[in-house]
Amino acid sequence: MKEQESIPVTKGQRSAKFVKTGIQIGGNYIKHYSKKLFNPNLSRDELNEDNATDIYKSLSELKGSALKIAQMLSMDKNILPKSYVDKFTQSQYNAPPLSGPLIVRTFSKNFGKTPDQIYDKFNLHSSNAASIGQVHQAELDGNALAVKIQYPGVGDSISSDLKLVKPFAFRLLGMSEKDLNIYIKEVEERLLEETDYELEVRRSIEFSEACKHLNNVVFPKYYPALSGKRIITMDWIEGLHLKEFLKTNPSQELRNKIGQALWDFYNFQQHELRAVHADPHPGNFMITPDEKLGVIDFGCIKEMPDDFYYPFFSLISTDVIKDKTKTIAAFRQLDMIHKDDTESQVEFYYNAYREMIELFARPYTSKTFDFSKPEFFEQLYTYAEKVATMPEFKQARGVKHFIYVNRTNFGLYTILQELKSVVNTDTFQPHLQ
């Protein structure tokens with residue numbers, strides 16, 4: 001992949017990039033409607049493909065929070081047209097990397113030294129480039145290392161980038177402005193944490209230590225002395241990303257083993273730590289040669305306060321959902337039903353959300369669950385599509401914690417679906433006393 005020689009870092013440069021992309025999209029619409037004059041039955045497929053290509057190209061050059069949102073949207077397969085999902089999925093694995101000279105300047109600015117003065121060996125060509133930073137292979141004292149380097153200007157441009165992304169998100173997601181503002185605010189808070197590499201190193205050490213007892217899950221060792229605000233040094237973990245792993249045609253036994261490791265990793269965190277690795281896209285995991293799950297990124301962590309955890313998981317893992325009064329009380333606590341809703345609105349949202357919760361909770365209602373069966377996901381996506389067209393859901397509903405907790409659990413479900421895993425779902429249970 002061609003390396004990127006520069007990156008827009010000032011607000012003016014990044015704004016100009018968005019304006020240029022907006023003009024390109026406007027041109028795509030003009031082209032589409034011109035063709036439609038002569039062919040009234042023309043679908044939007046070509047328009048979506050052109051727009052997705054232009055938007056992804058722009059976001060991948062801007063990197064940072066703009067590209068991160070594309071990555072997040074690529075995981076929500078029921079929200080966007082397929083052409084957007086296909087294009088944005090590239091950000092899960094590989095975006096255009098920055099060039100060697102730009103990397104050397106980043107090191108000099110952060111450490112006062114070049115990579116060659118810090119490591120015995122350092123490969124200036126990136127092995128993996130994503131939304132917030134890119135990874136390089138290095139070696140020191142015989143140890144193979146992975147060095148994650150944050151793109152210049154990413155941490156300083158989050159707020160202004162999100163304001164620029166907002167019109168695109170508004171058009172793509174079809175949310176109400178109030179909904180979108182809540183979404184953007186929560187994303188901004190997580191992204192500010194995600195660009196704080198010193199915080200990420202502390203959390204990585206803390207979470208890998210807390211989870212080290214889990215079966216078939218491994219973590220790299222982190223090196224705080226070789227890390228800083230914009231650079232993280234950790235052990236290099238050999239392995240394959242999910243897409244590469246699936247191409248090896250793994251046995252069902254191995255698919256189940258990796259799926260079980262994922263399930264345990266997430267549910268242990270949710271129920272024992274009350275904080276969870278909230279970025280479950282395939283690029284953050286490796287399947288190692290000894291058939292274990294390597295977790296290589298703890299940049300995005302979502303903490304779950306008591307006033308969210310208890311009502312949410314009581315709906316999923318107890319008989320509360322069978323008691324209408326208790327269910328409505330939990331929905332009120334989670335702001336899914338509002339205090340000024342009419343009786344008919346309460347009844348509508350009670351039925352709609354109960355259907356959603358019962359669908360979502362299905363893996364938790366038996367000791368094992370087969371994620372290879374398409375029926376479960378077809379029902380999930382059908383329900384999501386139905387809700388998306390209902391005017392009752394255009395207003396903001398639900399506390400902000402749903403944004404990342406739902407993303408985490410649906411992301412987990414999606415990876416397990418790709419693995420076609422059968423997992424034991426009763427290994428880590430909610431604590432609701």
Side-chain angles (χ1 to χ4, degrees), residues 182 186 190 203 206-207 209-215 217 259-280 298 300-339 341 346-347 349-371 376 379-380 383 397-416 421-433:
I182 293 171
E186 177 72 355
R190 299 287 77 75
R203 280 177 163 173
E206 176 187 336
F207 273 73
E209 183 66 24
C211 298
K212 68 180 182 182
H213 67 287
L214 295 172
N215 291 332
V217 184
Q260 190 67 56
L262 264 168
W263 180 270
D264 291 349
F265 173 66
Y266 274 99
N267 282 281
F268 171 78
Q269 291 174 82
Q270 288 190 126
H271 305 310
E272 303 299 329
L273 306 181
R274 296 285 185 84
V276 66
H277 176 288
D279 200 6
F298 277 98
C300 184
I301 299 294
K302 175 61 185 174
E303 296 179 354
M304 289 183 280
D306 287 353
D307 60 0
F308 173 80
Y309 180 87
Y310 287 110
F312 179 64
F313 282 103
S314 71
L315 289 165
I316 289 172
S317 57
T318 71
D319 289 336
V320 164
I321 199 74
K322 297 177 182 178
D323 184 314
K324 184 174 181 179
T325 301
K326 290 181 180 179
T327 298
I328 290 175
F331 286 166
R332 288 189 188 280
Q333 195 171 350
L334 293 166
D335 201 33
M336 298 157 79
I337 292 178
H338 295 169
K339 61 182 179 182
D341 283 340
V346 169
E347 190 66 19
Y349 288 114
Y350 162 71
N351 288 316
Y353 283 126
R354 179 182 172 177
E355 183 181 353
M356 179 188 73
I357 292 287
E358 287 179 332
L359 255 178
F360 172 81
R362 197 170 293 170
Y364 289 88
T365 58
S366 59
K367 290 188 175 182
T368 62
F369 193 80
D370 186 349
F371 284 91
F376 172 61
Q379 287 177 310
L380 275 178
Y383 181 80
R397 294 267 165 180
V399 293
K400 67 176 185 177
H401 306 295
F402 275 116
I403 294 167
Y404 274 86
V405 172
N406 284 352
R407 177 192 176 210
T408 296
N409 284 285
F410 280 116
L412 171 63
Y413 286 5
T414 300
I415 297 177
L416 292 171
S421 296
V422 180
V423 301
N424 298 322
T425 55
D426 62 348
T427 49
F428 294 100
Q429 295 292 318
H431 299 295
L432 297 172
Q433 297 302 319

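Hydrogens, waters and symmetry mates are skipped; everything else that's a heavy atom, side chains included, is used.
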With a distance cut-off below 6.0 Å to the six-membered ring centre and an angular limit of 45° from the axis, does R274 pair with Y309 as a cation-pi contact? yes
Can you confirm whether the side chains of N267 and Y364 place a donor and an acceptor under 3.5 Å from each other? yes
Checking side chain to side chain contact (heavy atoms under 4.5 Å, CB included) between W263 and each of F371, F268, F369, which is the one that passes? F371
Heavy-atom donor-acceptor pair, T425 side chain to S366 backbone, under 3.5 Å: yes
For a 4.5 angstrom cut-off between non-hydrogen side-chain atoms, does R407 reach R190? no
Pick out which of F376, Y413, Y353 makes a ring-ring contact (aromatic ring centres under 6.0 Å, His included) with F360. Y413
With distance as the sole test, does N424 use its side chain to make a donor-acceptor pair with the main-chain N or O of D426 at under 3.5 Å? no
Given the options V276, T408, L214, Q269 meets side chain to side chain contact (heavy atoms under 4.5 Å, CB included) only with V276
Can you check whether P430 reaches F312 side chain to side chain, under 4.5 Å on heavy atoms? no
Residues K212, E209: salt bridge by 4.0 Å N-O rule: yes
Reported CG-to-CE distance for the pair N406 and M356, which is rounded to 0.5 angstrom: 6.5 Å
Under the criterion side chain to side chain contact (heavy atoms under 4.5 Å, CB included), I'd like the reasoning laid out for E358 against K322: C-alpha separation, chi angles, the key distance, then a yes or no. CA-CA 10 Å; E358 287 179 332; K322 297 177 182 178; over 6 Å; no
pair M336-F402: side-chain heavy atoms closer than 4.5 Å: yes
Between G259 and S421, the two heavy atoms sitting closest are CA-OG, 3.5 Å
Using a 4.5 Å cut-off on heavy atoms from C-beta on, say whether the side chain of K302 contacts that of Q270. no
Please find the pair of heavy atoms, one from G411 and one from P280, that lie closest to each other, and give the distance. CA-CG, 3.8 Å
Look up atom CZ in F308 and atom NZ in K400, then write down how far apart they are to the nearest 0.5 Å. 12.0 Å
Do F265 and H277 have ring centroids that are under 6.0 Å from one another? yes
Taking every heavy atom of V320 against every heavy atom of L315, the minimum-distance pair comes out as CG1-CD2, 4.0 Å
What is the minimum heavy-atom distance between R332 and H338, and which atoms define it? NH1-O, 3.4 Å
Taking CD in E303 as the centre, count heavy atoms belonging to other residues, nucleotides or ligands within less than 6.0 Å. Is the count above 12? no
Between V346 and I328, is any pair of side-chain heavy atoms under 4.5 Å apart? yes
F298 vs F207 aromatic rings, parallel, tilted or perpendicular, using cut-offs 30° and 60°? tilted
Taking side chain as C-beta onward, heavy atoms only, is D307 less than 4.5 Å from V399? no
Does T427 reach the main-chain N or O of D264 with its side chain, forming a donor-acceptor pair under 3.5 Å? no
Test side chain to side chain contact (heavy atoms under 4.5 Å, CB included) applied to Q260 and V217, L416, V423, the passing residue: V423
Shortest non-hydrogen contact from D323 toward T325: OD1-N, 3.1 Å
When the aromatic ring centroids of Y266 and F428 are compared, is their separation below 6.0 Å? no
Quick check: do L380 and F410 have side-chain heavy atoms less than 4.5 Å from each other? yes
